[in-house]
Number of protein chains: 2
Amino acid sequence: MSTAQEDLTGRARLRDAAIEAFAAQGFDESLRAIAARAEVSAGLVRHHFGSKEALRAECDATVLERYRRLKEESLQAEPKQVFNQLPGSREGGVLLLYILRSAREGSPAGRQFTEQLIEEALVLLDQAVSRGLIVPSRDEPARARFLILQSLGALVLYFALNPPQDPEDFTTVMQDYYAHVALPTLELFTEGLFADPGYLNEYLASGAAGIPPAGPAGDTVSR
Amino acid sequence: MSTAQEDLTGRARLRDAAIEAFAAQGFDESLRAIAARAEVSAGLVRHHFGSKEALRAECDATVLERYRRLKEESLQAEPKQVFNQLPGSREGGVLLLYILRSAREGSPAGRQFTEQLIEEALVLLDQAVSRGLIVPSRDEPARARFLILQSLGALVLYFALNPPQDPEDFTTVMQDYYAHVALPTLELFTEGLFADPGYLNEYLASGAAGIPPAGPAGDTVSR
DNA sequence: TAGGAGACTACTCCGGTGTATAGCCATTGG
DNA sequence: CCAATGGCTATACACCGGAGTAGTCTCCTA
């Protein structure tokens with residue numbers, strides 16, 4: 001990772017400090033606090049970035065790009081596995097926290113990230129279906145969207161309700177999370193929930209299924 | 001609802017205005033903005049509540065209590081159905097928004113609300129299992145926790161990513177949400193996802209299932 | 001009818017925030 | 001050697017937030 005060499009230019013140090021501060025403390029962290037974390041003066045933010053908003057934008061882009069890189073490095077790309085090993089390194093943990101916070105705030109970065117996850121999930125699901133590992137759906141894109149919304153949402157909520165007291169040990173929270181959801185997830189995915197297909201058949205018979213929800217199909221989460 | 005009579009005492013008007021303001025604009029809404037919404041002076045907040053924090057606490061309690069009342073009024077108490085009809089009235093919509101925001105922030109109110117939902121879900125699931133409607137789980141409390149975390153988390157995330165442009169039409173967003181998730185939910189619940197039980201069996205054989213996650217069992221979401 | 005309590009407002013105060021300006025200092029290129 | 005560019009700091013500014021103070025008005029009561 002890039003923090004290996006410790007003496008970066010002030011601009012890079014500010015950017016990295018901002019990412020860490022945003023991840024640990026939220027996006028309301030003050031410029032002065034960020035500058036202090038980077039051990040530079042507050043005015044330098046303006047000098048290099050012009051405004052806090054611009055700094056935030058650069059952080060967003062950097063995080064997204066680093067996440068992409070980390071994901072490609074670990075070649076097995078199933079989202080859950082990525083998330084699972086993401087917080088293994090310190091950088092990965094910061095990235096994860098930053099991303100979850102972005103999603104939680106509904107920022108453009110969060111939206112973009114979610115969209116990306118959904119696309120990847122759709123590809124993976126299609127592959128798994130064609131290999132016979134996963135049962136087909138009547139609406140594959142809707143299922144991909146749904147599954148990401150559920151799993152990402154659960155993670156976001158879990159982190160909101162159980163914030164790591166020490167902003168460093170996201171790893172612990174992450175492990176707790178998986179320890180909690182592993183069994184129910186596997187049960188639900190292999191055995192379902194309903195004992196009989198009545199509800200689904202009712203819904204299908206009602207005709208609501210034929211109507212694609214609304215809006216131009218394919219965007220992140222409707223709207 | 002209590003806003004039926006329009007001339008309430010300043011205290012009550014402030015409380016209700018704060019609830020609406022928090023729901024629509026977030027908990028960072030300023031005291032002055034809240035006072036303006038209630039058409040009173042800002043100082044009155046201090047006079048009646050002492051501090052913004054205390055006002056917030058009273059709003060939390062009021063919302064929780066009103067939600068409870070609304071839920072009991074509509075006797076069919078399955079969580080999803082409650083959520084579905086909650087935004088039917090204006091008050092219900094405000095309440096829902098307030099609650100989702102609380103959960104998203106991880107505030108005590110959000111935590112309490114989530115906990116409450118999990119307990120209710122556990123009861124309902126147990127009933128449904130004993131009536132043969134739902135397949136049993138190897139760990140019912142974990143499943144209840146998991147299902148609420150997933151569904152509530154998805155809703156929170158959906159609202160974060162698709163905020164209603166007009167803070168009033170949560171109804172539209174809500175309908176969009178259900179239109180999107182209805183089919184995938186029913187499919188997943190009746191047909192599952194995995195074509196064969198290999199993953200689950202692997203997990204069970206690994207022995208991880210026997211170890212209840214961690215910490216004193218039964219709290220909201222671990223920890 | 002006088003007194004007092006409480007609802008309510010206008011105004012002040014203080015701290016924190018993002019933004020802006022002016023200048024220092026080192027490195028560099030002519 | 002010297003000027004100029006750019007990284008960087010110190011300081012100031014304008015603004016807005018919650019909190020605090022003093023005083024007015026109104027209504028109830030003794």
Side-chain angles (χ1 to χ4, degrees), chain A residues 2-3 5-63 98 101-102 105-109 167, chain B residues 2-3 5-63 98 101-102 104-105 107-109 167:
Chain A
S2 49
T3 55
Q5 54 180 19
E6 201 39 70
D7 45 3
L8 294 166
T9 170
R11 180 185 170 87
R13 288 181 60 192
L14 261 175
R15 173 175 36 68
D16 288 357
I19 290 175
E20 288 191 18
F22 286 153
Q25 305 293 333
F27 294 107
D28 287 339
E29 186 79 335
S30 77
L31 287 186
R32 286 169 174 84
I34 293 170
R37 187 182 285 252
E39 292 176 319
V40 297
S41 86
L44 197 59
V45 170
R46 170 175 161 79
H47 177 64
H48 279 302
F49 300 94
S51 74
K52 188 185 188 182
E53 191 184 346
L55 169 61
R56 165 84 181 272
E58 182 144 335
C59 288
D60 284 355
T62 302
V63 166
Y98 189 102
R101 239 181 243 278
S102 297
E105 296 225 337
S107 71
Chain B
S2 51
T3 55
Q5 54 180 18
E6 200 38 72
D7 45 4
L8 294 164
T9 170
R11 180 184 171 87
R13 288 180 59 193
L14 262 175
R15 174 176 34 67
D16 288 357
I19 290 174
E20 289 192 16
F22 287 153
Q25 305 293 333
F27 294 107
D28 287 338
E29 187 78 334
S30 77
L31 286 187
R32 288 170 173 85
I34 293 170
R37 188 182 285 250
E39 292 177 318
V40 296
S41 87
L44 197 59
V45 171
R46 170 178 161 75
H47 176 65
H48 280 302
F49 300 93
S51 73
K52 188 184 189 182
E53 192 184 347
L55 171 60
R56 166 83 181 271
E58 182 146 333
C59 289
D60 284 355
T62 302
V63 166
Y98 189 104
R101 240 181 243 276
S102 297
R104 186 163 122 186
E105 295 224 336
S107 71

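In what follows, chains are A, B, ... by sequence order, proteins preceding strands, each numbered from 1. The figures here come from the full heavy-atom set of this structure, side chains too, leaving out hydrogens, waters and symmetry mates.
Judged by distance alone, the side chain of B:Arg13 and the main-chain N or O of B:Ala38 form a donor-acceptor pair under 3.5 Å. Looking only at distances, a side-chain donor or acceptor of B:Ser30 sits under 3.5 Å from a matching main-chain atom of B:Ala33. Between the side chain of B:Arg101 and the main chain of B:Ala24, a donor-acceptor pair closer than 3.5 Å is present.
Expressed to the nearest 0.5 Å, how far CG of A:Leu55 lies from CZ of A:Arg11 amounts to 9.0 Å. In this structure, CG on B:Asp60 lies 9.0 Å from CD1 on B:Ile19, to the nearest 0.5 angstrom. Note that CZ of A:Arg56 is 5.5 Å distant from OG of A:Ser102, once rounded to the nearest 0.5 Å.
The stretch residues 42-61 of chain B touches DNA chain C through B:Gly43, B:Leu44, B:His47, B:His48, each having a heavy atom within less than 4.0 Å of the strand.
Consecutive pairing runs in DNA chain C reach the stem threshold at C:1-30 with D:1-30, where a stem means at least three Watson-Crick or G-U wobble pairs with distances under 3.5 Å.
Aromatic ring pairs are classed by plane angle as parallel below 30°, tilted from 30° to 60° and perpendicular above 60°; the pair A:Phe22 and A:Phe27 is tilted.
Separating the CD atom of A:Glu39 from the C1' atom of D:dG7 is a distance of 17 Å, rounded to the nearest angstrom. D:dC13 atom P lies 20 Å from atom CG of A:Leu31, rounded to whole Å.
Relative to the side chain of B:Arg32, the nucleotides D:dA19, C:dT17, D:dC8 differ in distance, and D:dA19 lies closest. Listed nucleotides: C:dC8, C:dG18, D:dT9. Nearest to the side chain of A:Ser30: C:dG18.
Heavy atoms only, all atoms of each residue included: B:Ala21 and B:Glu29 are closest at CB-CG, 3.9 Å.
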